[in-house]
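Accompanying notes for the structure given below.
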Amino acid sequence: MLRVNAVSHSYGDIVALRGLSLELEAGEILCLLGPSGCGKTSLLRVIAGLEPDHSGAILFEGEDISALPPHKREFGLMFQDFALFPHMTVAQNIAYGLRRKSASKREIEATTRRLLDRVGLGRLEARDVSALSGGQKQRVALARSLAPNPRLLMLDEPLGSLDAQLRDQLALELRQIINGAGLSAIYVTHDRQEAYAVGDRIAVMKDGALQQIASPRALYRRPASAFVARFLGMRNIFPADSPELVRALGVEATRQLEPAPFALIHPSGLRLDDRSDKASPLLEGVLRRVVFRGDRCDLTVDIGDGMALAFAAPDTQLAPGDKVRLHVAPEAIIALPK
């Protein structure tokens with residue numbers, strides 16, 4: 001449906017995008033994930049037509065739209081600050097785009113009513129937007145973006161100004177609403193948990209370039225580089241040829257890593273010894289940190305030679321200083337290319 005072909009873009013001497021290419025399928029939600037300054041918003045603005053001074057091509061349904069002005073692309077945009085009109089009611093904000101398209105009064109009323117119900121604001125159509133909570137404003141902004149029936153919906157950090165608990169709730173609602181509208185969407189975020197919850201696929205970016213694009217599950221299970229693994233919160237990354245790693249895992253376990261420069265011991269493949277698994281490698285160490293997270297504990301275990309392994313485990317009564325043993329699933333030892 002959408003193809004970004006070798007797009008580069010700069011702001012003066014600052015390179016924002018470096019020959020980036022990707023595709024979006026019809027009905028798909030693609031999350032752009034990466035740290036601040038990696039080019040996520042720049043890519044969104046290029047696709048929207050707000051940054052026409054770029055190289056490469058943007059194709060939509062086979063047509064090159066690189067020179068098309070933003071209003072003719074018929075894409076919907078939703079930003080972090082919501083950009084609602086404070087002098088308008090909820091219903092008037094939602095209807096704004098329809099009025100600009102000279103829709104009939106009947107169409108405006110029907111569409112506004114349908115979207116109010118879809119985003120859960122059916123009784124607030126006459127409410128002043130300044131009197132809304134952050135979550136309600138987010139829903140109004142989404143409904144306004146959906147009202148003109150955009151060919152593509154683009155969301156730039158739409159939950160960034162909300163607290164963590166509300167973000168978790170609304171991320172799931174956003175996915176449901178976008179899917180219910182039958183739309184394709186590009187969703188920018190720096191929060192990996194948000195990307196996992198919303199995206200059908202996730203594109204990880206760094207320094208204006210694409211590092212990896214995959215489904216949330218595939219991305220988590222097989223990060224393609226040390227950068228991607230670290231950005232996903234994985235800390236068990238070591239030089240693949242280090243004697244410490246060989247001593248910890250054994251020669252056979254580390255031989256599969258050649259010639260990769262780094263090795264990841266995936267946290268999902270680590271668990272405390274319960275004496276039930278005699279096949280997987282067993283490591284001994286000292287518990288250095290226990291962080292209670294409610295439904296789990298985050299543990300850090302020192303296994304010697306300056307190596308520490310971090311992973312999550314069910315709630316435990318163990319305390320720092322306790323000696324423990326760890327099982328390492330063979331598939332948890334992953335080679336990371338440079």
Side-chain angles (χ1 to χ4, degrees), residues 33-35 191-193 195-196 202 204-206 211-338:
L33 176 67
D191 186 305
R192 64 181 183 273
Q193 299 298 338
Y196 290 152
I202 300 172
V204 181
M205 294 178 60
K206 176 191 177 187
Q211 301 296 304
Q212 185 176 0
I213 184 166
S215 70
R217 183 171 281 105
L219 183 72
Y220 174 75
R221 290 180 175 174
R222 300 292 299 191
S225 69
F227 168 80
V228 174
R230 289 190 181 102
F231 192 78
L232 297 178
M234 301 175 192
R235 295 159 46 197
N236 308 327
I237 301 170
F238 310 99
D241 60 352
S242 67
E244 295 82 6
L245 190 70
V246 175
R247 281 197 294 270
L249 300 179
V251 174
E252 291 301 320
T254 53
R255 186 168 293 164
Q256 61 178 309
L257 301 172
E258 300 174 355
F262 294 103
L264 167 69
I265 303 178
H266 202 288
S268 66
L270 288 168
R271 62 182 177 82
L272 295 171
D273 177 31
D274 60 5
R275 303 182 181 275
S276 64
D277 185 352
K278 304 301 182 183
S280 58
L282 193 63
L283 301 177
E284 295 185 349
V286 178
L287 191 58
R288 293 304 184 199
R289 188 172 70 167
V290 180
V291 181
F292 180 67
R293 300 291 189 186
D295 59 343
R296 71 180 196 280
C297 287
D298 290 342
L299 307 180
T300 302
V301 176
D302 184 348
I303 60 172
D305 293 323
M307 294 180 63
L309 298 177
F311 62 103
D315 188 14
T316 177
Q317 298 301 314
L318 292 171
D322 288 348
K323 293 183 179 180
V324 296
R325 298 196 300 177
L326 303 179
H327 280 292
V328 184
E331 63 272 16
I333 305 169
I334 300 173
L336 297 177
K338 188 173 181 180

Any Arg247 side-chain heavy atom under 4.5 Å of Asp305 side chain: yes
Pairwise side-chain contact, Phe292 with Asp298, heavy-atom cut-off 4.5 Å (strictly under): no
Distance (rounded to the nearest 0.5 Å) between Phe262 CZ and Ser242 OG: 10.5 Å
Interatomic distance, Met205 atom CE to Phe227 atom CZ [nearest 0.5 angstrom]: 10.0 Å
Within-4.5 Å side-chain heavy-atom neighbours: Leu232 and Leu33: yes
Flag side-chain contact, heavy atom, 4.5 Å: Val286 against Val301: no
salt_bridge(Asp295, Arg293) N-O dist < 4.0 Å: no
Within-4.5 Å side-chain heavy-atom neighbours: Tyr220 and Met234: yes
Donor-acceptor pair, side chain of Glu284 and main chain of Arg325, under 3.5 angstrom: no
Note, Asp273 side chain near Val324 side chain (heavy atom, < 4.5 Å): no
Side chain Arg288, main chain Thr300, donor-acceptor under 3.5 Å: no
Nearest heavy atoms of Leu283 and Ala248, plus distance in Å: CD2-O, 2.8 Å
Under 3.5 Å donor-acceptor, Glu244 side chain and Gly304 backbone: no
Heavy-atom closest pair, residues Pro223 and Val228: CB-CG1, 3.9 Å
Side chain to side chain, Ile213 and Ile202, heavy atoms closer than 4.5 Å: no
Atom of Ala240, atom of Ala260 and distance for their closest heavy-atom approach: CB-O, 3.1 Å
Distance flag, aromatic centroids of Phe311 and His266, threshold under 6.0 Å: no
Value rounded to 0.5 Å, distance of CD in Glu331 from CZ in Arg222: 9.5 Å
Within-4.5 Å side-chain heavy-atom neighbours: Asp322 and Val290: no
Minimum heavy-atom distance Pro337-Ala224, with the two atoms named: CD-O, 3.0 Å
Residues Arg296, Asp315: salt bridge by 4.0 Å N-O rule: no
Residues forming a side-chain contact (heavy atoms from CB on, under 4.5 Å) with Phe238, sequence neighbours excluded: Asn236, Leu245, Ile265, Met307, Leu309
Gap separating the CD1 atom of Ile303 from the CG atom of Leu270, nearest 0.5 angstrom: 8.5 Å
